[in-house]
Amino acid sequence: MATLLIKNARNIIAMDAGRNEYPGGSLFADGQEIKAIGKDIPYEDADTVIDAAGKIVYPGLINTHHHLYQTFTRNIPWAQDVELFDWLLTLYDIWRHMRPEDVYLSALVGLGELLKTGCTTASDHFYCFPNAVSGELIDEEIRAAAELGIRFYPTRGSMNLGRSAGGLPPDEVTQPMDVILKDTQRVVETYHDASKFSMLRVGVAPCSPFSVSEDLLRESAVLARSYGVRLHTHLAETKDEENFCLARKGLRPLEYMEKTGWTGPDVWYAHGIHFNRDEIRRMGSCGCGVAHCPSSNMKLSSGVFPLVEMLQAGVNVGLGVDGSASNDASNLLGEVRQAYLLHKLNVGHLGPTAEESLWLGTVGSSRVLGWEDAIGSLEVGKAADLFMIDAGRLDYAGALFDDKALPVVAGISQNVDMTVVGGRVVVKDGQLTNIDERRVAAWAQAAATRMVEVAARHSGVDYYKRRQR
Ligand SMILES: [Zn+2]
């Protein structure tokens with residue numbers, strides 16, 4: 001297997017249990033696996049040798065929630081300045097015109113930006129399967145991930161509770177339950193690789209309480225557990241969702257999950273904002289995880305995630321960028337900084353330090369995905385998944401007093417300098433190594449424009465206009 005040596009770094013931030021740092025350190029990987037880390041390790045004859053003088057090395061970030069296809073509906077004037085339900089109602093009408101090529105290209109863009117901002121493992125929640133488009137859409141994003149070289153964790157999402165049945169989405173973006181379950185089974189059987197250094201794991205992810213039926217929730221959980229794969233859904237994101245659950249089921253969102261088999265250490269929710277104290281305690285004892293998505297929660301005015309209470313209750317918390325249309329980016333390092341700032345504003349000194357915020361986006365996220373044996377920190381026996389920044393950049397001058405905190409406190413105004421996934425360099429000098437970025441960008445923008453303009457012709461809405469307030 002190919003070997004990699006990264007030598008003489010200004011510092012390596014391991015993010016291991018001892019929170020070790022290795023000033024002047026090196027890291028050696030054989031294939032995907034780190035075999036040695038520290039000073040003066042004797043592996044000069046590695047296949048690839050990277051001189052990391054002046055660079056700081058961090059464990060690769062792990063994204064626990066995303067909707068990559070939404071990359072094509074960012075910065076749509078008509079979808080700005082509204083909250084979740086109105087925002088979704090606007091965008092469903094655009095997404096229903098999505099084609100397989102759009103899924104592929106939007107994934108290249110979103111995953112590409114994640115890699116360029118230090119993310120090495122990305123989960124995705126793909127739940128929008130328009131009626132008019134047959135085909136295996138989720139396969140398209142899997143193809144994009146393989147091309148880029150990112151470690152990927154797609155979840156086969158679903159919606160079967162359309163407007164005619166009292167749900168939020170239009171019927172045209174929902175599928176019948178038997179179709180959903182059959183395709184979910186296909187995706188798991190075709191792609192899921194449970195091995196330690198897998199480049200592709202798959203989860204099962206009905207979209208949300210207001211877009212799927214109770215039967216689909218139950219059956220999805222049974223299916224996922226029969227294959228030993230993880231379960232993911234949106235929960236407690238907004239008060240509107242809570243009111244929907246109370247009105248239709250007479251239950252609060254977490255009670256509804258408890259009733260349908262959707263709690264346990266193999267379940268992670270996106271958002272988890274509107275829990276009461278007793279529910280937070282129950283979240284801790286059931287072993288569920290949460291993907292905290294601060295930018296999306298701020299943009300859609302959803303609320304502030306109770307981070308301190310969740311961590312005190314023993315809940316596994318990781319970070320996610322959420323769908324690109326509510327972020328409107330795929331910058332996970334930016335999300336680490338958002339979490340740091342949001343909780344400083346909300347709870348002052350009780351909020352996470354910069355290092356703790358980085359921990360949420362690495363070790364915390366690895367626990368949410370149940371993958372802490374292989375990713376999240378830089379240690380012997382774990383994957384060589386890392387990013388590197390050049391401490392000599394102008395934007396860090398005057399800030400080199402705490403390497404652990406640097407990209408969080410000082411922020412990041414450029415891409416990382418290098419990203420390595422499983423011992424392979426996938427970003428070099430801030431550029432993706434496996435695709436022609438400018439060509440993909442032009443192709444993707446043309447495809448996004450097509451989708452939005454077709455949608456405008458069908459719906460009669462001018463998406464380039466801003467709503468009256
Ligand atoms: Zn989401």
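Because only heavy atoms are used, hydrogens play no part in the values below, and waters and symmetry mates are left out as well, while side chains stay in. Counting convention: from 1, in listed order, for ligands and their atoms alike.
Using a 4.5 Å cut-off on side-chain heavy atoms (C-beta onward), D322 and H65 make contact.
Each protein N, O or S atom less than 2.8 Å from the Zn ion (ligand 1) was counted, giving 4.
Annotation for K196: atom NZ counts as buried by contact number, over 12 foreign heavy atoms lying within 6.0 Å. Residue R218 qualifies as enclosed at atom CZ: its count of foreign heavy atoms under 6.0 Å is above 12.
Under a 4.0 Å N-O distance rule, the pair K239/E242 qualifies as a salt bridge. Electrostatic pairing of K259 and E214 counts as a salt bridge here, judged by a charged N lying under 4.0 Å from a carboxylate O.
Within the 6.0 Å centre-distance limit, the rings of F85 and F210 are counted as a close aromatic pair.
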